[in-house]
Every structure is written in C-alpha cells, then in structure tokens.
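Remarks on the structure that follows.
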Amino acid sequence: MNNHKFIIKKRFGQNFLNNENILKKIVSISNLKNKNIIEIGPGKGALTKHIIAQEPKSLFLIEKDKSLKSYLENLNHKKELQLKIIFDDVLKVNLSEITPNKKSIIIGNLPYNISTTLIVNLLTIMSDFELMIFMVQSEVADRLCAKVSSKEYGRISVLSQLFCKIEKIFDVSPENFFPKPKVNSTLIRIYPIKKDSFKYEDIDYLLKKAFCFRRKKIRNNLLRYLPKIECFELEKKFDLDKRPQDFSPQEYLKIYRNLFLN
Ligand code: SAM
C-alpha cells in the first residue's frame, strides 16, 4: 500500500500510461520470458508489473526520481526474479555494463525530453542488446523511420538507419496518459543491424555539415568545410546538385568512405 502523496514532476517527463490494454500490448510484442530486461523510467511501475508477468529472468529498473522509491520497492514478484532498482539518470548509466556478456532487451515509456539523446547515445553500443522497445513522441518516431527525400528525413534518420532497423508498432493518443501530454506517442521496436565499418564521430561530423542548410544543394553545404579540390573529386562520383535529404544512408556511407578512407 502506498500512502505518501506523490507530486508529478513535469521536468522528468512524467506522463504515466494508464491504459491497461496498451500496457499489456507493449509487453506482448516480443517474447520477454527468461530474458534479461532493462526498463528505463519505470515511474510507479505500471509497465513494470506487466513485464514481471511475462516472467523475465532478470529486471533492472533505472529511475531518476527517487520519490518513486516506495512504489518500486513494493512491486510484487516471484523470488526467482533478479530485480534491481537503480536510482540514477539513465544518460549517465553505462547500459552495456548492466548485464555484461548477456544481451538484454531495453524497454521504456521514455520521458520525451531525453528520448532522442538516449537513442542517439545507444547507437554505438546497439550490438550489446537484443532489441529495444520504446514509447516516444510520434514526431521522434517519424524522424527515426523517415524515408529518403521526405520532410522528416535528416541527420538522425541517417545515423539511426546505419545502426539499426526501426519499426513503428502502434500510435497512442494523449488520453491514455496522466497527465495528458500535448503530443501523440508511438511505440517503436529497434533491432541492431550488422554495421558497416565506419567511425561514428566522422560520419556524424559529415552529416552535421551536409544538413546544415536543408534547402541548399549539398555542394554548398559541403563547400563550407571541405577544400574545393575535395568537392571537385566528390563531384565525379556523386550528384552534388541534390539536396542533403535526397541522399540515402548508404550513399552517405559512400561519401564518407570517399572523404575519410581514401
Ligand atoms: N513507465 C511509466 C509509465 O509507463 O507510466 C512512467 C513513464 S514516464 C513517461 C517517464 C519516467 O522516466 C518517469 O518515471 C520519470 O521520472 C523517468 N525519468 C525521467 N528522466 C529520466 C532519466 N534521465 N533517467 C531515468 N529516468 C528518468
């Protein structure tokens, strides 16, 4: 029983999901039985209860708000379940070290304010995990999954599609949360893919330059940081009259190889 009065903190992105059918659906999209699970932002444990019902082998909860302690420490579970609560900022936790040598599944109804940063931070360690299931702002899901030449396609789309396969599973409207957020949410599933060899920092740098002005031809953006001679060489292999959003992730990889691996 929890008697203390909990005060919702907007700064922690606390929009609690309160539709039991949706919570059930989230844990049913992948098999969690006997798996090692990491849940980000368990809040009062609404999703956590459904994860526990799937009988995972271990469950690690990472929650920043210590005032949720009494909710999380009183969750019912079988003795066999290895359950650990970590009160910390997930952006400061080394998630690869939570279950070393064992691939875990990461799940979370993410606080909107950190979702893009968290997913971008996870890209380079993606292969340490089996998969990820996240509830994010629909706009973030659109950017992650965006197709080349679409309005949403940008640096984050290219980066994430070079490291993983991302699927939109279903949308969730604001009425299913308390307090109601101003935006729609989307559940996404992320699978790591076998990554081509490239240095994250270099490709990220290239993308930051390439996308600095979306309406300009990529040539103009690249010329702001590349010597003319390098642009001239690229020109022989790529159509630099195109805009940055008209190059696929694989084409960016080819440009990167031309610039950094020659
Ligand atoms: N899982 C619960 C649910 O579905 O109702 C709560 C989800 S709520 C959108 C996000 C949760 O993440 C909150 O409990 C919040 O306190 C927590 N949180 C916010 N920022 C965090 C951070 N940097 N690290 C870990 N947890 C965080």
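Heavy-atom basis, side chains included; hydrogens, waters and symmetry copies ignored. Start at 1 and go down the list; that is how both ligands and their atoms are numbered.
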**Request:** Kindly identify the option in G43, P111, P181 whose heavy atom sits closest to atom 18 (N) of ligand 1.
**Result:** P111
**Item:** Proximal atoms of ligand 1 relative to P42 (non-hydrogen, under 4.0 Å)
**Value:** 1 (N), 2 (C)
**Message:** Does only the side chain of I114 get under 4.0 Å from ligand 1, or the backbone, or both, or neither? Count heavy atoms.
**Reply:** side chain
**Test: E152 and R143 ion pair at under 4.0 Å** = no
**Message:** Please confirm whether D88 approaches ligand 1 to less than 4.0 Å, judged on its heavy atoms.
**Reply:** yes
**Item:** Heavy atom of the protein closest to atom 17 (C) of ligand 1 (residue, atom name, distance)
**Value:** E63 OE2, 3.3 Å
**Request:** Give the atoms of ligand 1, by number and element, whose distance to some non-hydrogen atom of E39 is under 4.0 Å.
**Result:** 1 (N)
**NZ/NE/NH1/NH2 to OD/OE distance under 4.0 Å, R219 and D241** = yes
**Message:** I'd like to know if N15 contacts ligand 1, where contact means a heavy-atom distance under 4.0 Å to any ligand atom.
**Reply:** yes
**Asked** Just heavy atoms, cut-off under 4.0 Å: does K9 contact ligand 1 by side chain, backbone, both, or neither?
**Response** neither
**Item:** Any N/O pair G41/ligand 1 closer than 3.5 Å
**Value:** yes
**Request:** Look at the side-chain heavy atoms of Ile, Leu, Val, Met, Phe, Trp and Tyr, link any pair under 4.5 Å apart, and say whether I203 and F260 land in one connected group.
**Result:** yes
**Prompt:** What residues form a side chain to side chain contact (heavy atoms under 4.5 Å, CB included) with P181, not counting sequence neighbours?
**Reply:** N15, Y112, P174, F177
**Prompt:** Which atom pair, heavy atoms only, marks the closest approach of P42 to L61?
**Reply:** CG-CB, 3.8 Å
**Request:** Evaluate whether atom CD1 of I7 has more than 12 neighbouring non-hydrogen atoms of other residues, nucleotides or ligands under 6.0 angstrom away.
**Result:** no
**Prompt:** Which heavy atom of the protein is the closest neighbour of atom 24 (N) of ligand 1, given with residue, atom name and distance?
**Reply:** V90 N, 2.9 Å
**Message:** Within this structure, what is the CG-CD1 distance for the pair L144 and I166, rounded to the nearest 0.5 Å?
**Reply:** 4.5 Å
**Request:** Assess the side chains of S149 and Q245: does a donor N or O sit below 3.5 Å from an acceptor N or O?
**Result:** no
**Asked** Would you say ligand 1 has an N or O under 3.5 Å from any N or O of D89?
**Response** yes
**Prompt:** Would you say N109 has any N or O atom under 3.5 Å from an N or O of ligand 1, going by distance alone?
**Reply:** yes
**Asked** Any luck finding a side-chain donor-acceptor pair between D171 and T186 under 3.5 Å?
**Response** yes
**Message:** Below the 3.5 angstrom mark, is there an N/O of L17, backbone or side chain, next to an N/O of ligand 1?
**Reply:** yes
**Heavy-atom nearest neighbour in the protein, as seen from atom 21 (C) of ligand 1, with distance rounded to 0.1 Å** = K64 CB, 3.6 Å
**Message:** Geometry only, no angles: is G13 polar-contacting ligand 1 at N/O separations under 3.5 Å?
**Reply:** no
**Complete:** protein heavy-atom neighbour closest to atom 19 (C) of ligand 1 works out as F12 O, 3.0 Å
**Whether I40 lies under 4.0 Å from ligand 1, heavy atom** = no
**Request:** Would you check the N or O atoms of D65, main chain and side chain alike, for any that come under 3.5 Å of an N or O of ligand 1?
**Result:** no
**Item:** side-chain contact (heavy atoms from CB on, under 4.5 Å) evaluation trace for I8 with K10
**Value:** CA-CA 6 Å; I8 288 178; K10 246 183 157 178; 5.8 Å; no
